[in-house]
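Here is the structure we will look at, set down as structure tokens.
In each ligand, atom 1 is the first atom listed, and ligand 1 is the first ligand listed.
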Amino acid sequence: MAARMDVLLGAQWGDEGKGKVVDVIAPDYQVIARFQGGPNAGHTLLFEGRKHVLHTIPSGVFREGTINLVGNGVVIDPIIFLKEVKGLEAAGVDVRKALLISRRAHLIVPSHRALDAASEAEKGRAKIGSTLKGIGPTYMDKTGRNGLRVGDLERSDLMDRYNALVRKHERLLGMHDHVFDRREAEAEWLDAVQELRRMLLVDSEHYLDQVLRDGKRVLAEGAQGTLLDIDFGTYPFVTSSNTISAGASTGLGVAPNRIGRITGIFKAYCTRVGSGPFPTELDDATGEHLRQAGHEFGSTTGRARRCGWLDLPALHYAVMINGITDLAMMKADVLNGMDTVRICTGYRVNGQVTDRMPYDITSDVEPIYEELEGWGELHHEAPLPASLERYMARIEQAVGVPITLVSLGPDRAQTVLRQAATVR
Ligand code: IMP
């Protein structure tokens, strides 16, 4: 019988811990497929005392027998991609034999990175806080129909296409008064694309169609988070792809009616890296405590993440937009030992109370909090404390879907499955 594709994605502003959850549930799937984003992502996995950060490669690489697919919706920087492959090989992971790359995926070229830097510099105080990996300019070339794709590596006119693209970028960079020496990174990029060309390139939409017809299980792995979605995030402080579940269809070529479970990952609190509105942000000692206890520093850029309380209207919005069927709550242990914890249940916008995400969440949005009893230490082998169960019940009641997985620490083993969770 044909199988469905499940989706796992971030329900907040990214960094929710998707890498760990994919790794934990990977044994249930034969194929793990990334559907959007690129090396702006940093999926951290910790097991057997070792930390691994993945940027473009799906998080199933550490599970023997799992196929990892980089879908058409992803943008690939060949230099970073090769470094990632070689880093994994050095760690003893035989990546190449189980790594498939869509011919339709777009390529990041060095001048895309220069354009990203020029655009941010010009925005000044209004900058997005981009990871500067060239993500925005690459998606601009994709939608502007100028982009280079992985499949172009097999064409004889690759260099003509590459040169035409770089010439266009040079004209744009000239307008920004941005100095760009194309020779600097070009040699490394050209070497990397030669190696990329020899990897397993596929027509991934046909591959996935067959895999699903054969009854094999596929998991689509999102990057970033719902509130960074180009359409439904806190625009313009967003990334340049569709991070939501619909993005799994367009980013892999799998029709919406073939999607099964949609798991939304969220932290027991909120973080955001880069600029943009964040109603529950804590600019005080509690925020600093969350940052230190949660090691909230970017895995791609090392930047300190902004921290705050859990935002239920935002989580509810993510459940609605994605059609989330179940939730995974991460980093509950970071709130350990607090007498009370707060949860945002609504906003006051221009004097009006609402529990809906407004079109524009600017500083005029004042969060309304509910205070709940905190909990002590958490041990995955013991029953969860009643106060943590009440915290989760309050979340489930507000957003209408069950929390089926709770993470109590970074290791694979620190995970509790709550299959029996009910929504009251
Ligand atoms: P870009 O996608 O690198 O251009 O960054 C756009 C915005 O998304 C910035 O605020 C970044 O900090 C944020 N962002 C991009 N990728 C991630 C991620 O993987 N986790 C969290 N935030 C991200």
Quick one: sort the Tyr162 and Trp189 rings into parallel, tilted or perpendicular, breaks at 30° and 60°.
-> parallel
Do [X] and [Y] pair up side chain to side chain, a donor and an acceptor below 3.5 Å, judged on atom types alone?
| X | Y | value |
| --- | --- | --- |
| Asp326 | Thr263 | yes |
| Lys20 | Ser407 | yes |
| Arg182 | Asn163 | yes |

May I ask you to list the atoms of ligand 1 that are less than 4.0 angstrom from any heavy atom of [X]?
| X | answer |
| --- | --- |
| Gly129 | 9 (C), 10 (O), 11 (C), 12 (O) |
| Val273 | 10 (O), 11 (C), 12 (O), 21 (C), 22 (N) |
| Leu228 | 8 (O), 13 (C), 14 (N), 22 (N), 23 (C) |
| Trp13 | 21 (C), 22 (N) |
| Arg303 | 11 (C), 12 (O) |

Examine Asp15 against ligand 1 and note whether any of their N/O atoms are separated by less than 3.5 Å.
-> yes
N or O pair under 3.5 Å between Asn40 and ligand 1 | yes
Which residue and non-hydrogen atom of the protein lie closest to [atom], and at what distance in Å?
| atom | result |
| --- | --- |
| atom 6 (C) of ligand 1 | Val238 O, 3.4 Å |
| atom 3 (O) of ligand 1 | Thr131 OG1, 2.5 Å |
| atom 1 (P) of ligand 1 | Ser130 OG, 3.6 Å |
| atom 2 (O) of ligand 1 | Thr239 OG1, 2.6 Å |

Determine, using heavy atoms of Gln224 and all atoms of ligand 1, whether some pair is separated by less than 4.0 Å.
-> yes
Just by distance, do the side chain of Asp141 and the backbone of Asn146 share a donor-acceptor pair under 3.5 Å?
-> no
The single option from His178, His176, His112 that satisfies ring pair (Phe, Tyr, Trp, His ring centres under 6.0 Å) with His169 is His112
Run the numbers on Thr280 and Asp311 for side-chain hydrogen bond (donor to acceptor under 3.5 Å, both in side chains), then give the verdict.
-> CA-CA 7 Å; Thr280 62; Asp311 184 332; 4.7 Å; no
Qualifying residue, where the test is side chain to side chain donor-acceptor pair (under 3.5 Å) with Glu296 and the options are Arg291, Arg272, Lys267, Arg306 | Lys267
